[in-house]
Amino acid sequence: MRRVRGRSAFAIEGRGDGEDGADAGRLRFLRGLFPRGDAHDRQSVANRVRMALDALPLLLLADLIVAAGLWLLGRPALGGAGFWMIAAPLLAMLVAGGAIRLVARRGKGATAPERMHGFVALLGLVQGFGWSVWLLASATGLAPSRWALAAVAHGGLLVVTTLVFAPVPTAALALWLCLVIAATVAFGPWAVLALLVPLLAVAVVMLGGISERSYVASRRWLARAAVALKASLLLGEFEESGRGWFWETDDRGLISYISPQIAAALGLAADRLLGTPMTGLVLHEAGDGAGSGAGERTLGFHLATRLAFSEIAVRAAGDDVRWWSLSGRPAFDEYGNFLGFRGSGTDLTEMRRSEAEVKRLASYDSLTGLPNRILMRRTLDESLRDIAGRPKRAALFMLDLDRFKMVNDTLGHPVGDALLRQVAVRLQRVVQQDGQVGRLGGDEFNVVLPGIVERNRLATLASAIIQQLSQPYLIDGAHVSIGASIGIAIAPDDGATADALVRNADLALYAAKADGKGVHRFYEPEMHASAKDRRLLEMDLRGVMSESGLHLVYQPVVDAGSEAIVCFEALVRWDHPTRGAVSPSDFIPVAEEIGLIPQIGEWVLRTACLEAANWPDPVRVAVNISPIQFANPALPGIVLSALAAAQLPPHRLELEITEGVFLNDDAATDAMFARLKAIGVRFALDDFGTGYSSLGYLKKAPFNKIKIDQSFVRGAAVPGNRNAAIIRAIVALAESLEMETTAEGAETPDELALIRSLGCSHIQGYIFGRPMLSDEARARVAGSGKLAMPGLLVTRDPRVAVLRSATVRSARGVEPARIRNLSRSGAMIECAIPFRPGEAVTLDLGNGGPVDGVIRWADEDRIGVAFDEPIEADQMAPQRMVRAAG
């Protein structure tokens, strides 16, 4: 495949000399026994010359010994002329041999084998000439009595010389030719015949070797021709496969050959490319290759300087984006003349596209297409510093989706992935050009806002994000609702480095989630202490199961008519060794985040069943089941095991399930209800009306009871409040579906009377008892089972439900608190100190001065305070109204 000026241009190395060349080689052998010029024979000649040179010191030593012996044998008769007849040839032999050895050693193989072959042949001629002189000297100068010793010396020298020159036939023939001439002169024709017999034998052997080598050379040429043909076919198939292609230029850099496939890829005929510059095939040279000199040596540079190159990445000419990898090396003829370049190329286009995709995936989230953690960190770093390294102002939002884990656990990861994609779209739509939105992983996102530090503007943007992300999502025909919490940190006030800003934005996010989720919070220095406390709480909670730190309390549920206890709801509590009583609102969210809910839920179920076995037969036990537990296929087996271990009839176990289980409103949910119903347990729909409020599942799920959330019960007795209408509607719905109703959170006689009038079948609230220990629960049901209302709970003045900061002063010290309900005669507040009924306190409302009072009741973190004197109406004005009760 080589066309130069009309002939094939891409050379296949290693072709033979052809039959004419083989014949010429044979004639050269016969004429002078000179070596051939092909590579194989050159190597053979070099090996043979090296063998002769390696043995040359032995020959020179033999020459020296023979010369010394001849002088000692003929010294009395030879005289001065005889000395020089022995010394001069010896000197010539030593000088010639030493010179050849010196050339061989100094050249270190650089001298051509043919030239060294000639030097050795010349040495053979010198050796034969000198030996001939010694023979003449021996014949004329030695006495007959000493000729026998000289003959032995000459015979030994003949053996050594023959062995040394055997690898180089030309040297051996030169040696023998001189010996024949000398023998003829010294001893006559009979000596010639004696020498010709071995000479002819040597010639026959050498000519046989020559013929054999000629035959072997011919066979070698045919083999190389077959290999060349096969290589040509393989290279043609390689070109056609598209995995690579070949090119060649002349000494001017013009294309003399190029594979037709690459010409077709450029949309041109191969003939049109012949004679055009090789550099015209490329637009841009990237210089990525290993031999490209780190991108500085371009294709044109290599072609101009005749330097070999390897894997230079270049962009091909043409409208389409195409990349090649080129390799090439200069070609020279036998005289060292530059012929041009020969090389190969491969298509890098797909590899470049793959590399671009890998780089994209390294910087962007594959699910949402948003920048990932790495790119967002780079964006944040750039937003905090300009090119000169000076600080800049920026803000960072850390965003976490509320209730996403429940969606993922109940609906499955495909739905969770689809939800994340929709969240990403909404985030980008809200933020627009104000900042960069990214996904950190899971349900965590962040927003970098360069140059925006105004708190009002940031608060408005955060509220818009929360509002948009809290709107229902439609995924696979199902409506899914989640929320979002946001933590905000501003640079440089909240951190001058990216690490500090991320850490503080995370702390603000934790604060937002702790404040009920669905809100945003700006970073405050006090949040460090809260974060540390939460980490400690998480560490303690991980070991709480093994240390038996949890226990159950039981809140009674009574019949609305008879006021008899019909059920106890099992509630989990945690008595910390140093913190005291830890509120469920504090540790349950932590347990959900660290994955302890299934373990805690199973323990609650087994413990409650064991305790219920001690109660009279009509009294049931109610246990809350989280959506995560409900989605576990092993739940029916766990329930059966708990019932069997406690020997508790299934109808005495009531599973309270929230509306969250219906996020996955599919066959799996229906199957789980069917399996649990087959066991014989009862079902109660807990916190009805506060979740997803879909009525469709009520006609499918086998609920025995609907529990009306306490948010509807509290304040329902206040004139003008709409909660009573909601309760009435829920009761009517339950009656039509033949279900019971339980009103939660009843605290006052007014609320009790209203609940009874609205038709609720069961009541649960502080008016009939707070959560109690197992011993007290046994005592309550051991008697009549009827509970008396606490005397201290009486009809109160109209109250206002508020969320308001306050301060409580007592003998224990000063503690911050939050007011939940406020009337002229008292208030319900939340405080971390476990007060006891009867303690005197002073409540600072923040407007109107302090108000003295006494603790009337206390339950965990809530206390009821009765004021010593009624307060004025202006002191009841809330700072932030939640709902009003007339």
Side-chain angles (χ1 to χ4, degrees), residues 286 288 313 321-323 347-383 394 396-450 461-462 465-466 468-487 498-499 501-503 505-506 509 513 593-595 628 631 663-664 666:
D288 307 350
V321 177
R322 187 178 299 275
W323 291 87
D347 197 315
L348 296 179
T349 306
E350 290 302 322
M351 186 181 75
R352 285 271 175 155
R353 290 173 181 169
S354 300
E355 290 176 353
E357 180 65 14
V358 169
K359 290 180 180 179
R360 190 191 70 81
L361 292 177
S363 299
Y364 290 87
D365 176 50
S366 59
L367 178 63
T368 62
L370 294 176
N372 62 12
R373 183 185 298 271
I374 297 174
L375 183 55
M376 289 303 294
R377 177 54 182 263
R378 191 182 312 141
T379 302
L380 180 58
D381 288 334
E382 294 172 354
S383 300
L396 175 65
F397 284 6
M398 298 297 291
L399 186 147
D400 189 80
L401 301 182
D402 303 331
R403 300 187 298 275
F404 175 78
K405 187 177 186 300
M406 184 171 58
V407 174
N408 226 19
D409 293 338
T410 57
L411 295 181
H413 290 284
V415 174
D417 291 345
L419 178 59
L420 289 174
R421 285 191 287 268
Q422 292 192 29
V423 167
V425 173
R426 294 190 186 185
L427 264 175
Q428 289 178 302
R429 187 167 58 238
V430 175
V431 176
Q432 295 183 354
Q433 303 301 319
D434 289 339
Q436 177 69 63
V437 178
R439 181 185 176 216
L440 303 180
D443 62 341
E444 298 180 358
F445 296 80
N446 67 348
V447 183
V448 177
L449 301 158
L461 180 59
I465 291 175
I466 294 172
Q468 283 293 321
L469 297 187
S470 300
Q471 297 297 318
Y473 299 81
L474 182 63
I475 301 175
D476 294 336
H479 290 277
V480 177
S481 294
I482 60 171
S485 301
I486 298 177
D499 290 335
L501 205 64
V502 169
R503 180 182 64 250
D506 271 331
L509 175 60
K513 297 178 75 69
E593 292 183 12
I594 64 178
I628 297 175
L663 278 173
N664 192 11
D666 56 10

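Heavy-atom basis, side chains included; hydrogens, waters and symmetry copies ignored.
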Legend entry - Spatial distance of atom CG (L440) from atom CZ (R373) [nearest 0.5 Å]: 4.5 Å
Legend entry - From D365 atom CG to L420 atom CG, the distance as rounded to the nearest 0.5 Å: 8.5 Å
Legend entry - Euclidean distance, T379 OG1 relative to N446 CG, rounded to 0.5 Å: 9.0 Å
Legend entry - Shortest non-hydrogen contact from L427 toward I465: CD2-CG2, 3.6 Å
Inset, instruction - For residues G435 and P450, report the shortest heavy-atom separation together with the two atoms involved. - result: CA-CD, 4.2 Å
Inset, instruction - Applying side-chain contact (heavy atoms from CB on, under 4.5 Å), name anything that partners A462, two or more places apart in sequence or on another chain. - result: F397, I486, I488, H520
Legend entry - All pairs passing salt bridge (Lys or Arg N to Asp or Glu O under 4.0 Å) where residues 420-437 contributes a residue, at least two apart: D434-R457
Inset, instruction - Mind checking side-chain contact (heavy atoms from CB on, under 4.5 Å) for P371 and listing every partner two or more places apart, or none if nothing turns up? - result: Y364, L375, M376, Q436
Legend entry - Any residue meeting side-chain contact (heavy atoms from CB on, under 4.5 Å) with K405, in chain and number order, not counting sequence neighbours: D409, I628
Legend entry - Closest contact, heavy atoms only, I475 versus A418: CG2-CB, 3.9 Å
Legend entry - Residues in salt bridge (Lys or Arg N to Asp or Glu O under 4.0 Å) contact with D400, at least two apart in sequence or another chain: K513
Inset, instruction - Provide the closest heavy-atom pair for G483 versus S470 in the form atom of the first, atom of the second, distance. - result: CA-OG, 3.7 Å
Inset, instruction - For residues Q428 and L370, determine if any side-chain heavy atom of one lies less than 4.5 Å from a side-chain heavy atom of the other. - result: yes
Inset, instruction - Mind checking salt bridge (Lys or Arg N to Asp or Glu O under 4.0 Å) for R377 and listing every partner two or more places apart, or none if nothing turns up? - result: D381, D499
Legend entry - Shortest non-hydrogen contact from N408 toward G416: OD1-CA, 3.5 Å
Inset, instruction - Compare all side-chain heavy atoms of L396 with those of V502 and state whether any distance is below 4.5 angstrom. - result: yes
Inset, instruction - List the steps, then state whether side chain to side chain contact (heavy atoms under 4.5 Å, CB included) holds for L367 with R439. - result: CA-CA 9 Å; L367 178 63; R439 181 185 176 216; 3.6 Å; yes
Legend entry - Candidates V431, L461, L399 - the one meeting side-chain contact (heavy atoms from CB on, under 4.5 Å) with V447: V431
Inset, instruction - Taking all non-hydrogen atoms of both residues into account, name the closest pair between Q468 and Y473 and its distance. - result: O-OH, 4.3 Å
Legend entry - OG on S481 to CG on D402, rounded to 0.5 Å: 12.0 Å
